[in-house]
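Notes follow the structure.
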Amino acid sequence: MQARIQYWVPAAFCGALSLISICAALVSSPSSSLSGGAITFICFLPMCFYFVGAVTTSLRKENQQLRREITELQRVTASPSN
């Protein structure tokens with residue numbers, strides 16, 4: 001279970017930081033607030049980490065499937081043929 005969670009921690013952390021940054025910009029005075037481009041960048045930044053987590057999860061599943069197949073092939077080749 002922990003292996004599944006570890007891929008998503010960076011995305012959650014970046015999302016929390018982005019949320020804090022956006023809230024701080026909205027609460028602060030208008031003269032020191034972020035521009036529209038900076039807000040858009042901060043809002044979409046967690047998506048980078050999300051996509052990395054999605055690819056890593058996919059690769060982990062594929063790796064597990066290949067290990068099962070290798071184990072099955074080794075079992076079949078090790079058994080005496082009839």
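Note that the numbering runs from 1 along the sequence shown for the chain.
Contact detail for Cys43 and Pro46: the closest heavy-atom pair is O-CD, 3.4 Å.
Tested against Trp8 for a ring-ring contact (aromatic ring centres under 6.0 Å, His included), the candidates Tyr50, Phe49, Phe13 yield a single pass: Tyr50.
Taken together through direct or relayed side-chain contacts under 4.5 Å among Ile, Leu, Val, Met, Phe, Trp and Tyr, Phe51 and Phe44 form part of one hydrophobic cluster.
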Tell me which donor-acceptor pairs under 3.5 Å the side chains of residues 14-22 have, and how far apart each pair is, sequence neighbours excluded?
| residue | atom | partner | partner atom | Å |
| --- | --- | --- | --- | --- |
| Ser18 | OG | Cys14 | O | 2.9 |
| Ser18 | OG | Ile42 | O | 2.9 |
| Ser21 | OG | Leu17 | O | 3.0 |

Under 3.5 Å, side-chain donor or acceptor atoms of residues 61-68 against the rest of the protein: list the pairs with distances, not counting sequence neighbours.
| residue | atom | partner | partner atom | Å |
| --- | --- | --- | --- | --- |
| Gln65 | OE1 | Arg68 | NH2 | 2.9 |
| Gln65 | NE2 | Glu69 | OE2 | 3.0 |

